[in-house]
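Worksheet for the structure shown next.
The residues of the chain are indexed from 1 along the displayed sequence. What you see is a predicted model; the values in this text were computed from it and never measured.
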Amino acid sequence: MDILAELNPAQREAAEAIGGPVLILAGPGSGKTRVITHRVAYLIKVCRVNPRRIMAVTFTNKAANEMKERLEQLVSGSVTEITIGTFHAICARILRQDGKAININPRFVIYDAADQLSLIKRGMQEINIDPKQYTPGAVAAGISAAKSQLLTPKEYTKRGRNYFEEIISRTYERYQQLLEESNALDFDDLLMKTVRLFRKSEQVLSSYQSRYLHILVDEFQDTNTVQYELVKLLADKHRNICVVGDPDQSIYSWRSADLRNILSFEKDYPDAKMVILEQNYRSTGMILDTASSVISANEQRKPKELWTENEAGEPIRVVETYTEQEEARFVVSEIERLVDLGEARLGECAVMYRTNAQSRVIEEAFVRYGTPYKLVAGTRFYERREIKDIIAYFRLVHNPQDVISLLRIINIPGRGIGQQTLTKLSDWAKSKDISQIEALRLLAEPKEHPEASQHPFSSRTVRILADFWNLIDGLTTSSRMLDLVALFDLIVGASGYQQYILSGPDGEERWENILEFRSVAQEYRDLSPPDGLTAFLEKVSLVSDVDSLDETTDRVTLITLHQAKGLEFPIVFIVGMEERLLPHFRSFDDPAQMEEERRLCYVGITRAKRQVYLVYAFRRTLMGSNAVNRPSRFLDDIPQHLTSSPSSWREDDRQIAEAVYSWNGNTSTSIDSEPSPVVAGQPVPELKAGDHVSHTHFGQGVVVNCKDVTDDQEVVVAFDGQGVKRLLLSLAGLEKTE
């Protein structure tokens, strides 16, 4: 059987190009995952490459799992030997196995963003930097950027250019010391230290270079300096490096992604073969033409012509509303209309926006009208308080040096250990040059450690601290013998956490979350201890928002444009299509950032299969500021024949839209159902913004905006006590007043 039979000619060319460097430029919806999986299958089945000698790198666990599932169908039985995963997951495995060469304890824990921020705050306090003057979040971003460029604290100090960078430098140095004391790595460390390992140990690097004959990297446009260096080091021996990406979808410069990596790939690999995937299988012709018209203005790109055999489809629906509240009501009502007509399910619709702050008004509208939705980047499951607590117990059992986890749970459930006691414990541990967990052990074992008798605690406090040490010590011993589920039950029971959580606010709901978390642990119960615990902690540390997106529930998805990358939906609403939002005001003075804003709009449009709505508000209050913004410049790039406004929609669509525009409070009034009598031959007044008008049904009002449409004019009027209405001038029966 021809394993590449279902591929189109360009896809087949990409799959068969197996010798030397290959650059695959894959437009949105062009089947790049299919190409990658078939390429791997081709290597195994046709070229007889040992699966163990193939590495495929993805940017999300979701993409890695999808690749594994597809490969299982193509090459059943061989998938487990292929190295498939994210950069972070693959590097974590490398460091656990070979990190000893650079003094990394294989039992390290991985700190997520919240843990990182807590440790940075602690570091800033210790070196007397005011967190109110220099926000820990900004400092954390600076440290992350330094690590993505492979800069150590000393190297960053040398290139410091201003006082804020000096603040970052000082904090970076102390933060790194605290990480080492806790035997912890943050996400950036996983990558940076793997590069350091390869550079320091020729033996380790050589073993991985020899093992991996073929390396594939997905979403290559999103790689940063350290990721690119990793790929180059690993591929240096055989040079069978295949990268897949699209410069037009590079939207993560704020995460230090470097667009130059893909644009310059051919310079670094002059013998590289380039294959362009331009046939789109996802979207209609109208959607592709619209996306192409938006992105074509960019200069930092490799031109390609997207095309499809799909139908032309409906024009892009461009909708103007008066306020963000009206914008949200329109979205909810239009989705409900599509559902009522049988044209879509709730789960087929997505609402996308540039900033998280925009979601508040949209959420309120969905809640108000009882339309089910799911918010991506709300409170993630693994960030819920009760889940973080249980994870902290697991992490401390796995790695007793984890001070962040220690401080989180030492008084959860309450044991009478307050902040004053914790400060004394920290100071006493420092005076003896030991960790805080080691200090607890000395207090719990006074006979073995008589030198610990000189401590600052009362006998009652010593007993409480010793009890906590004995709890953790017992759990640690059990972790070497029990499977993960048994250990889970022991932790919840022995710590008293079950009783604690059930007796608190929302106890039943929080306990249900813990039981759900227990079901995650069941996936690892067959692994021998402590391997199950290690794998479990790694999974929960590296999971992301999109990884946990439940696509089976029939709910509308609310999601930022950045998070929507890699997803697809039949119907997409992009709201906030205004200057200062999309494009964001921070991009106005930076041409490179403006190009990224354009790419962000392109990504949003190309998520859609059948229909796109581009919605903007005349007036918007956002983050405390009320402003009138003009429509996004990106709308000006779309040819008129590709778009339609409500006045040109089908009659039934237009009536619904007009009803939405006239919503006020809990009621909606259709303009068409309450028309003013229009006398034949009666002159139609010429109106402009600011004119006062009268309507027989809505009363007195002020014209907010006028817009020419085919043989008519759309007029937006703010009526006293009736809200904002959008009317067709020829039918409205408006009378101009003084």
Side-chain angles (χ1 to χ4, degrees), residues 7-28 30-36 38-40 42-43 47 54-59 87 148-150 191 195 198 209 212-253 255-280 292 295-307 565 591-592 595-596 598-599 602-603:
L7 303 187
N8 67 38
Q11 291 173 335
R12 185 172 188 123
E13 181 184 3
E16 291 178 327
I18 61 170
V22 179
L23 170 62
I24 302 174
L25 292 179
S30 61
K32 67 181 177 65
T33 304
R34 180 193 301 175
V35 171
I36 295 173
H38 280 75
R39 180 185 172 92
V40 172
Y42 183 78
L43 287 169
C47 303
I54 300 172
M55 174 188 287
V57 186
T58 65
F59 263 78
F87 273 105
S148 73
Q149 298 173 52
L150 292 168
L191 309 180
V195 170
F198 288 162
Q209 287 178 335
Y212 293 115
L213 179 61
H214 288 274
I215 298 174
L216 300 89
V217 184
D218 193 10
E219 304 289 5
F220 194 68
Q221 76 281 346
D222 294 330
T223 54
N224 58 25
T225 300
V226 64
Q227 289 164 336
Y228 193 32
E229 182 65 16
L230 272 169
V231 172
K232 287 181 68 177
L233 286 168
L234 285 168
D236 192 49
K237 181 174 182 178
H238 300 293
R239 300 186 79 254
N240 294 324
I241 170 71
C242 174
V243 301
V244 187
D246 181 6
D248 290 339
Q249 298 184 68
S250 178
I251 58 174
Y252 295 123
S253 66
R255 291 183 185 169
S256 301
D258 193 339
L259 180 60
R260 293 173 297 181
N261 289 348
I262 191 167
L263 293 177
S264 304
F265 184 80
E266 292 169 287
K267 293 180 181 178
D268 293 334
Y269 297 93
D271 57 333
K273 178 181 180 61
M274 182 169 73
V275 182
I276 304 178
L277 306 182
E278 297 174 306
Q279 182 176 1
N280 178 284
S292 296
I295 200 63
S296 61
N298 274 5
E299 296 181 0
Q300 296 188 73
R301 62 189 301 260
K302 288 181 178 289
K304 56 183 176 298
E305 299 294 331
L306 298 180
W307 62 278
K565 186 168 173 294
E595 289 208 356
E596 181 154 328
R598 191 178 293 278
R599 292 194 292 268
Y602 173 83
V603 165

Subject >> Neighbour count above 12 (heavy atom, 6.0 Å) for Arg260 CZ >> reply: no
Original post:
Sub-3.5 Å donor-acceptor pair from the side chain of Glu16 to the main-chain atoms of Glu13, do we have one?
Top reply: no
**OP:** Enter the distance from Ile215:CD1 to Gln209:CD here, rounded to the nearest 0.5 Å.
**Re:** 8.5 Å
**OP:** Using a 4.5 Å cut-off on heavy atoms from C-beta on, say whether the side chain of Leu25 contacts that of Val275.
**Re:** no
Original post:
After noting the C-alpha distance and the side-chain angles of Val195 and Val226, does the key distance pass the side chain to side chain contact (heavy atoms under 4.5 Å, CB included) rule?
Top reply: CA-CA 7 Å; Val195 170; Val226 64; 3.7 Å; yes
Subject >> From CA spacing to verdict: side chain to side chain contact (heavy atoms under 4.5 Å, CB included), Cys242, Val217 >> reply: CA-CA 6 Å; Cys242 174; Val217 184; over 6 Å; no
Subject >> Exercise: identify the closest heavy-atom pair between Asn224 and Ser148 >> reply: ND2-CB, 3.7 Å
**OP:** Indicate yes or no for a side-chain donor-acceptor contact from Arg599 to the backbone of Asp248 under 3.5 Å, with no hydrogens or angles considered.
**Re:** no
**OP:** Just do the side-chain hydrogen bond (donor to acceptor under 3.5 Å, both in side chains) check on Gln149 and Thr225 with the steps written out, would you?
**Re:** CA-CA 5 Å; Gln149 298 173 52; Thr225 300; over 6 Å; no
**OP:** May I have the step-by-step check of side-chain hydrogen bond (donor to acceptor under 3.5 Å, both in side chains) for Thr58 and Asp218, ending in yes or no?
**Re:** CA-CA 5 Å; Thr58 65; Asp218 193 10; over 6 Å; no
Original post:
To the nearest 0.5 Å, what is the distance between CD (Gln249) and CD1 (Ile262)?
Top reply: 10.0 Å
Subject >> Spacing of Lys304 atom NZ and Ile276 atom CD1 [to the nearest 0.5 Å] >> reply: 8.0 Å
Subject >> Any donor-acceptor N/O pair, Arg39 side chain to Ala17 backbone, under 3.5 Å >> reply: yes
Original post:
For Ile241 and Val231, what are the C-alpha separation, side-chain angles and deciding distance, and is it a side chain to side chain contact (heavy atoms under 4.5 Å, CB included)?
Top reply: CA-CA 8 Å; Ile241 170 71; Val231 172; 3.3 Å; yes
**OP:** Using atom types as modelled and distance alone, determine if a side-chain donor or acceptor of Asn298 lies under 3.5 Å from a backbone N or O of Gln300.
**Re:** no
**OP:** Evaluate the salt bridge (Lys or Arg N to Asp or Glu O under 4.0 Å) criterion for residues Asp222 and Lys565: first the C-alpha distance (whole Å), next the side-chain angles of each, then the deciding distance (0.1 Å), finally the verdict.
**Re:** CA-CA 11 Å; Asp222 294 330; Lys565 186 168 173 294; 3.0 Å; yes
Subject >> Carboxylate-amine/guanidinium proximity below 4.0 Å for Glu229 and Lys232 >> reply: no
Original post:
Say you draw a straight line from NZ of Lys237 to OH of Tyr212; how long is it, rounded to the nearest 0.5 Å?
Top reply: 14.0 Å
Original post:
Under the salt bridge (Lys or Arg N to Asp or Glu O under 4.0 Å) criterion, do Glu595 and Arg301 qualify, and how do the steps go?
Top reply: CA-CA 10 Å; Glu595 289 208 356; Arg301 62 189 301 260; over 6 Å; no
Subject >> side chain to side chain contact (heavy atoms under 4.5 Å, CB included) between Asp271 and Arg239, intermediate numbers included >> reply: CA-CA 10 Å; Asp271 57 333; Arg239 300 186 79 254; 3.0 Å; yes
**OP:** Taking the six-membered ring of Phe265 (Phe, Tyr or Trp), confirm whether the NZ or CZ of Lys267 is under 6.0 Å from its centre and within 45° of its axis.
**Re:** no
Original post:
Taking the side chain from Gln279 and the backbone from Trp307, do they hold a donor-acceptor pair closer than 3.5 Å?
Top reply: no
**OP:** Give the minimum heavy-atom separation between Val244 and Lys32, together with the two atoms involved.
**Re:** CG1-CB, 3.9 Å
**OP:** Please report the C-alpha distance between Glu219 and Gln221 in whole Å, then the side-chain angles of each, then the deciding distance to 0.1 Å, and finally whether the side-chain hydrogen bond (donor to acceptor under 3.5 Å, both in side chains) criterion is met.
**Re:** CA-CA 5 Å; Glu219 304 289 5; Gln221 76 281 346; 2.7 Å; yes
Original post:
Can you name the one residue among Val40, Val243, Val57 that meets side chain to side chain contact (heavy atoms under 4.5 Å, CB included) with Leu216?
Top reply: Val40
Original post:
For the residue pair Gly27 and Asp246, what are the closest heavy atoms and their distance?
Top reply: CA-OD2, 3.9 Å
**OP:** Please answer whether the main-chain N or O of Phe220 pairs with a side-chain N or O of Thr223 as donor and acceptor at a distance below 3.5 Å.
**Re:** yes
Original post:
Do Asn240 side-chain atoms and Gly20 backbone N/O form a donor-acceptor pair below 3.5 Å?
Top reply: yes
**OP:** Check Tyr42 against Ala15 and note the closest heavy-atom contact, atom names and distance.
**Re:** CD2-O, 3.8 Å
Original post:
Sub-3.5 Å donor-acceptor pair from the side chain of Gln11 to the main-chain atoms of Leu277, do we have one?
Top reply: no
Original post:
Does the side chain of Tyr228 pick up a donor-acceptor pair with the side chain of Asp268 at under 3.5 Å?
Top reply: yes
Original post:
Does a side-chain heavy-atom distance below 4.5 Å link Ser30 with Asn280?
Top reply: no
Subject >> Spatial distance of atom CD1 (Ile295) from atom CG (Leu306) [nearest 0.5 Å] >> reply: 10.0 Å
**OP:** In plain terms, say whether Lys273 and Glu266 are close enough for a salt bridge, that is, a side-chain N and a carboxylate O under 4.0 Å apart.
**Re:** no
Original post:
Taking it one step at a time, do Arg598 and Glu299 satisfy salt bridge (Lys or Arg N to Asp or Glu O under 4.0 Å)?
Top reply: CA-CA 11 Å; Arg598 191 178 293 278; Glu299 296 181 0; over 6 Å; no
